[in-house]
Amino acid sequence: MGTLMKRVLIIDDEEDIREVAALALEATAGWTIFTAGSGAEGIATAVREQPDAVLMDVMMPGSDGPTTFRTMQQNPLVAHIPVLLLTAKVQGVDQRRFASLGVAAVLFKPFDPMTLARQISEALGWKEEPTS
Amino acid sequence: MTAKNEPKLDALLASVWERGLPLLRERLDILDRAARAASSGELTETLRMEAVEIAHKFSGSLGMFGHDRGTEIARKIEQILSAPPAASNRLDELVRELRHTLRIE
């Protein structure tokens, strides 16, 4: 089984996390990946590339994940793109706060590179297509 | 999403880990400095905040490379540093344990 070809934008200020997530999604699902190191760069990339989803870190210098998400919601060019927040916060109160923002899902760091694509697909209801 | 790409992905992850070692060492050195400063009662707010940020980054990233224990230790370090006054002896011990777990002495 393979997942439909998707285009996903990863926004994270940590280079190794961007790189691991990109490698994982490319290698396990064959998706096309774009990356950005900040909220501002991420929004510009989202406007230009129109990805199927955005995977974004919560804690980033400058415009953090929730702020960047709210900015995207106010921009008709990208407001329709589902956003998944990535957080290393383990406290329930933080998790509920992020979920209440209206994002498509909240995923947790550290993620398992082998199952990240499946987590995203399940969160967004992406169906798998049979492959031979 | 099959296991057929697992060896390839493992090799790519190992390459990212190797490339990140210099930065990892720099960050561990900062945690060492923070632990020493805390034990002598001289932990400045600037160093504490820097160390909290590093511990948070470790807690969110080490597990991606299979270092689940490293993530657990980093979470404890982050918790201690986030609620000053830091438990100085415990902090020193945890940073040493983190280095040992990551095999970066």
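Protein chains get the first letters and strands the later ones, always in sequence-line order, with residue 1 at the start of each. Excluded from the calculations below are hydrogen atoms, water molecules and symmetry mates; all remaining heavy atoms, backbone and side chain alike, are included.
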* Most heavy-atom pairs under 4.5 angstrom with chain A, which of B:D10, B:L23, B:V16? ->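 Sorted descending by pairs with chain A, the first entry is B:V16.
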* From B:K76 atom NZ to B:L98 atom CG, the distance as rounded to the nearest 0.5 Å ->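 Interatomic distance, B:K76 NZ to B:L98 CG, rounded to 0.5 Å: 11.5 Å.
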* Asked: When rounded to the nearest 0.5 angstrom, what is the spacing between CZ in A:F111 and CG in A:L55?
  ->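 Answer rounded to 0.5 Å: 7.5 Å.
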* Proximal component of A:D16, with respect to chain B [non-hydrogen, under 4.5 Å] ->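 Contact with chain B involves both backbone and side-chain atoms of A:D16.
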* Asked: Non-hydrogen atoms of chain B under 4.5 Å away: do they reach the side chain of A:D13, the backbone, both or neither?
  ->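 A:D13 touches chain B through side-chain heavy atoms alone.
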* **Mutual orientation of the aromatic rings belonging to A:W31 and A:W126 [parallel < 30°, tilted 30-60°, perpendicular > 60°]** =>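 Ring orientation of A:W31 relative to A:W126: perpendicular.
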* Indicate whether any N or O donor in one side chain lies under 3.5 Å from an N or O acceptor in the other, for B:D68 and B:T71. =>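 Looking only at side-chain atoms, B:T71 and B:D68 do not form any donor-acceptor pair under 3.5 Å.
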